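Heads up: the structure comes next, in structure tokens.
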Amino acid sequence: MLSPLPDEATLKQRVLALLARIPPGRVMTYGQLALLAGHPGAARQVGYVMNGLMNGTELPWQRVINAQGAVSTDKLGFGDVQRGLLVAEGVVFGASGKCDLKARQWWPDEAAPEQQSLF
DNA sequence: ATGGTGACTGTAC
DNA sequence: CGTACAGCCACCA
């Protein structure tokens, strides 16, 4: 069973492990990753982890978006790139810059239904 | 040590 | 719809 309060290194490890499993065309949110990694509420730290893997990674970093269904990278200068990668996978973004999170959000099979409703 | 910042989020108005 | 605020916690000056 997973420890409810893993240390920072484990959080990063779990976040990256989950990230690597997101199927093409599907997304996860920062808060969701924090929850599944055992750090509920630590969405900002997940964002920090993401920031750290921007140095030439093979991980599908573009599949992590915010809880509103939009990318959070516009102010970083590559929001268009992220949306472009997702669009190439079949994700549709409306004029508001949001996608259908309810339909696109991916949950690991082992995530308990109660976890999903909590989120 | 202390305070500001940020790829966030839920609640309140 | 948008703005504001409070939690969140690693990092950095």
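These numbers come from the heavy atoms of this one structure, side chains and all, not from hydrogens, waters or symmetry mates. Bear in mind that the values here come from a model prediction, so they are computed numbers and not experimental data.
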[X] [atom1] - [N] [atom2] separation (whole Å):
X: A/H39; N: C/dC8; atom1: NE2; atom2: C1'; answer: 11 Å
X: A/M50; N: B/dT9; atom1: CE; atom2: P; answer: 12 Å
X: A/N51; N: C/dC11; atom1: CG; atom2: C1'; answer: 11 Å
X: A/R83; N: B/dA7; atom1: CZ; atom2: P; answer: 15 Å
X: A/L85; N: B/dA7; atom1: CG; atom2: C1'; answer: 15 Å
X: A/I22; N: B/dA7; atom1: CD1; atom2: C1'; answer: 13 Å

**Request:** To the nearest 0.5 angstrom, please state how far the CZ atom of A/F93 sits from the CG atom of A/D100.
**Result:** 11.0 Å

**Complete:** Rounding to 0.5 Å, atoms OG1 (A/T29) and CG (A/L36) come to a distance of 8.5 Å

**Item:** 5′-ward residue of the pair A/K98/A/G41 relative to DNA chain C
**Value:**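 Between the two, 5'-proximity favours A/K98.
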
**Item:** Heavy-atom donor-acceptor pair, A/Y48 side-chain to C/dA10 base, under 3.5 Å
**Value:** no

**Message:** Which residues in residues 70-79 of chain A have a heavy atom closer than 4.0 Å to any atom of DNA chain B?
**Reply:**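 Nucleic-acid contacts, sorted: A/S72, A/T73, A/K75, A/L76.
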
**Request:** State, yes or no, whether a side-chain contact exists between A/C99 and A/I65 at a heavy-atom distance under 4.5 Å.
**Result:** yes

**Message:** Enumerate the salt bridge (charged side-chain N to carboxylate O under 4.0 Å, His left out) contacts for residues 48-64 of chain A, please, sequence neighbours excluded, ordered by first and then second residue.
**Reply:**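 Non-adjacent pairs meeting salt bridge (charged side-chain N to carboxylate O under 4.0 Å, His left out): A/R63-A/E89.
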
**Request:** Would you kindly confirm whether A/L19 and A/F78 end up in one hydrophobic cluster when ILVMFWY residues are joined by side chain heavy atoms under 4.5 Å apart?
**Result:** yes

